Amino acid sequence: MAEEKDLKQKLKDHIRFEEGVMDDNTMSVYIESAKRYVRKKTGHEIDYLTIMVATIMYDNRSASEDLQKALQSLEMVFALEVLTDGEGEPSPNDQPTSVQG
């Protein structure tokens with residue numbers, strides 16, 4: 001639970017959180033959705049990617065086409081994470097996944 005609060009604070013800082021615009025419950029929805037997306041793409045929970053995806057989801061909450069394009073722009077970052085498996089060395093069995101729209 002402490003990790004969740006730390007991640008919430010990081011997300012608040014990243015999106016320049018404005019009181020009253022989004023409460024912690026709403027923010028939790030973005031964080032959980034982003035965590036699932038990152039796990040699906042990389043097989044791991046990676047905080048910086050979770051923050052990036054949650055921010056994209058927040059910024060594009062009313063335009064699904066824009067959301068899809070923004071998430072596709074992160075495809076190379078996800079591929080690098082999968083290839084390096086967070087250790088800087090590619091694994092011969094790792095294959096990057098494509099963004100599902």
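Treat the numbers as computed from the prediction; the structure is a model and nothing was measured. Start at 1 with the first residue, then count along the sequence.
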Hey, are the side chains of [X] and [Y] touching, using non-hydrogen atoms and a 4.5 Å cut-off?
{"X": "V29", "Y": "M57", "result": "no"}
{"X": "L71", "Y": "F78", "result": "no"}
{"X": "H44", "Y": "V38", "result": "no"}
{"X": "E81", "Y": "K41", "result": "no"}
{"X": "R61", "Y": "Y30", "result": "yes"}

List in chain and number order the residues that pass salt bridge (Lys or Arg N to Asp or Glu O under 4.0 Å) with R36, two or more places apart in sequence or in another chain; answer none if no residue qualifies.
->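 Not a single residue meets the salt bridge (Lys or Arg N to Asp or Glu O under 4.0 Å) criterion with R36.
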Do you see a donor-acceptor pair shorter than 3.5 Å between the side chains of E32 and Y37?
->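 Not at all, the side chains of E32 and Y37 share no donor-acceptor pair under 3.5 Å.
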Which distance, rounded to the nearest 0.5 Å, do you find between the [atom1] of [X] and the [atom2] of [Y]?
{"X": "E45", "Y": "T50", "atom1": "CD", "atom2": "OG1", "answer": "6.5 Å"}
{"X": "N60", "Y": "D66", "atom1": "CG", "atom2": "CG", "answer": "5.5 Å"}
{"X": "Q68", "Y": "S73", "atom1": "CD", "atom2": "OG", "answer": "11.5 Å"}
{"X": "K35", "Y": "L49", "atom1": "NZ", "atom2": "CG", "answer": "13.5 Å"}

Is it true that Y48 and I56 fall in one hydrophobic cluster, defined by side-chain heavy atoms closer than 4.5 Å?
->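 Result: yes, single cluster for both.
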Please name the pair of heavy atoms, one in I46 and one in T42, separated by the smallest distance, quoted to 0.1 Å.
->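 Minimum heavy-atom contact is CD1-OG1, 3.8 Å.
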Heavy-atom pair with the smallest gap, counting every atom of A54 and A34 | N-CB, 3.5 Å
Residues which pass side chain to side chain contact (heavy atoms under 4.5 Å, CB included) with D59, listed by chain and number, not counting sequence neighbours | T55
